[in-house]
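Structure, as structure tokens:
Below, each value reflects all heavy atoms present in this structure, side chains not excepted, and no hydrogens, waters or symmetry copies. All values reported here derive from a predicted model rather than from experimental measurement.
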Amino acid sequence: MYVYWRSWIARGVGCVAVAITCLDVFGYPAILVEGTSMQPTLNPEKLLQTGSHDWVLLNRWGARKMDFERGQVVSLISPSAPDDCPLIKRVIALEGDTVRTLSYKKRYVTIPEGHCWIEGDNRHSLDSNIFGPVSLGLLTAKTPYIVWPPRRWRRLEKHIPHDRVVLAPDSKHNASDTSSR
């Protein structure tokens, strides 16, 4: 009887390990969003006053082709501190686009090939206005949903804030993505 239970336990542990690996690699894990850089979209003031934070779903599988869209919320490795927690930001411009910066060393930047411009929804954010265009290789996941707390369950809509419209969208990308919604 002992051998029978031991084999079932071993199979169960193996299945759990495979499931966790698949979730992590192809991934739909959820992560805690800390900080205020994506306010009011994530961690609105009222939520933080309760001591709670948003959790977002990470779609790593959806990011593997690097087909990001303007206005999409993404997770990325920080260009300035790669060992820190991932950043959650919004894609403002894609390669070939020209964007008017908020505080970067150049007033206007044309995004180079293989890069994008990311910003937090809150003006006080560690984003492209600090470190410039970001390599698409640093973007690790799309973040399509808020999954916790339950009263905040919702899809994160793709939009670009009205004052962050791309000045010269590249013809490879749909220019209608640049309008505010």
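Closest non-hydrogen pair, Lys142 versus Asp67, comes out as NZ-OD1, 3.2 Å. Here the closest non-hydrogen pair linking Ala141 and Leu58 is CB-CB, 3.9 Å. In terms of heavy atoms, Ala93 sits closest to Arg70 at CA-CG, 4.5 Å.
Applying the ring-ring contact (aromatic ring centres under 6.0 Å, His included) test to every pair with at least one member in residues 80-121, sequence neighbours left out, gives these pairs: Tyr104-Trp117.
Interatomic distance, CG of Asp121 versus NE2 of His159, reported as 5.5 Å (0.5 Å rounding). Note that OG of Ser103 is 7.0 Å distant from CG of Asp127, once rounded to the nearest 0.5 Å. Remark: Leu57 CG to Ile146 CD1 distance equals 11.5 Å, nearest 0.5 Å. For the atom pair OG1 of Thr101 and CD1 of Ile92, the computed distance is 12.5 Å after rounding to the nearest 0.5 Å. Note: Leu87 CG to Met38 CE = 11.0 Å, rounded to the nearest 0.5 Å.
Between the side chain of Asn43 and the backbone N or O of Thr36 there is no donor-acceptor pair closer than 3.5 Å. Side chain of Thr143 to main chain of Ser75: no donor-acceptor pair is present (N/O by atom type, distance under 3.5 Å, no hydrogens or angles). Side chain of Ser128 to backbone of Ile118: a donor-acceptor contact under 3.5 angstrom is found. A side-chain donor-acceptor contact under 3.5 Å links Lys89 to the backbone of Leu126.
Two residues are said to be in side-chain contact when any heavy atoms from C-beta on lie closer than 4.5 Å; Val109 and Ile111 meet this criterion. Side-chain contact check for Val33 versus His53: every heavy-atom pair is 4.5 Å or farther apart. Counting heavy atoms from C-beta on, the side chains of Asn129 and Glu119 come closer than 4.5 Å. Looking at Arg90 and Gln72, their side chains never come closer than 4.5 Å, going by heavy atoms from C-beta outward. By the 4.5 Å heavy-atom criterion applied to side chains, Pro86 and Ile77 are not counted as neighbours. Counting heavy atoms from C-beta on, the side chains of Glu69 and Leu94 never come closer than 4.5 Å. Put simply, the side chain of His124 does not reach to within 4.5 Å of the side chain of Ser37, judged on heavy atoms. Here the side chains of Met66 and Phe68 are in contact, with some heavy-atom distance below 4.5 Å.
Exactly one of Val134, Val91, Ile88 qualifies for a side chain to side chain contact (heavy atoms under 4.5 Å, CB included) with Leu76. That residue is Val134.
Scored by the salt bridge (Lys or Arg N to Asp or Glu O under 4.0 Å) test, Asp54 finds Arg152 as partners (sequence neighbours excluded). Residues satisfying the side-chain hydrogen bond (donor to acceptor under 3.5 Å, both in side chains) criterion with Ser80, sequence neighbours excluded, are Ser78.
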side-chain contact (heavy atoms from CB on, under 4.5 Å) evaluation trace for Thr110 with Asp97: CA-CA 6 Å; Thr110 299; Asp97 293 346; over 6 Å; no
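The hydrophobic clustering, which links ILVMFWY residues whose side-chain heavy atoms are closer than 4.5 Å, places Leu102 and Ile130 apart.
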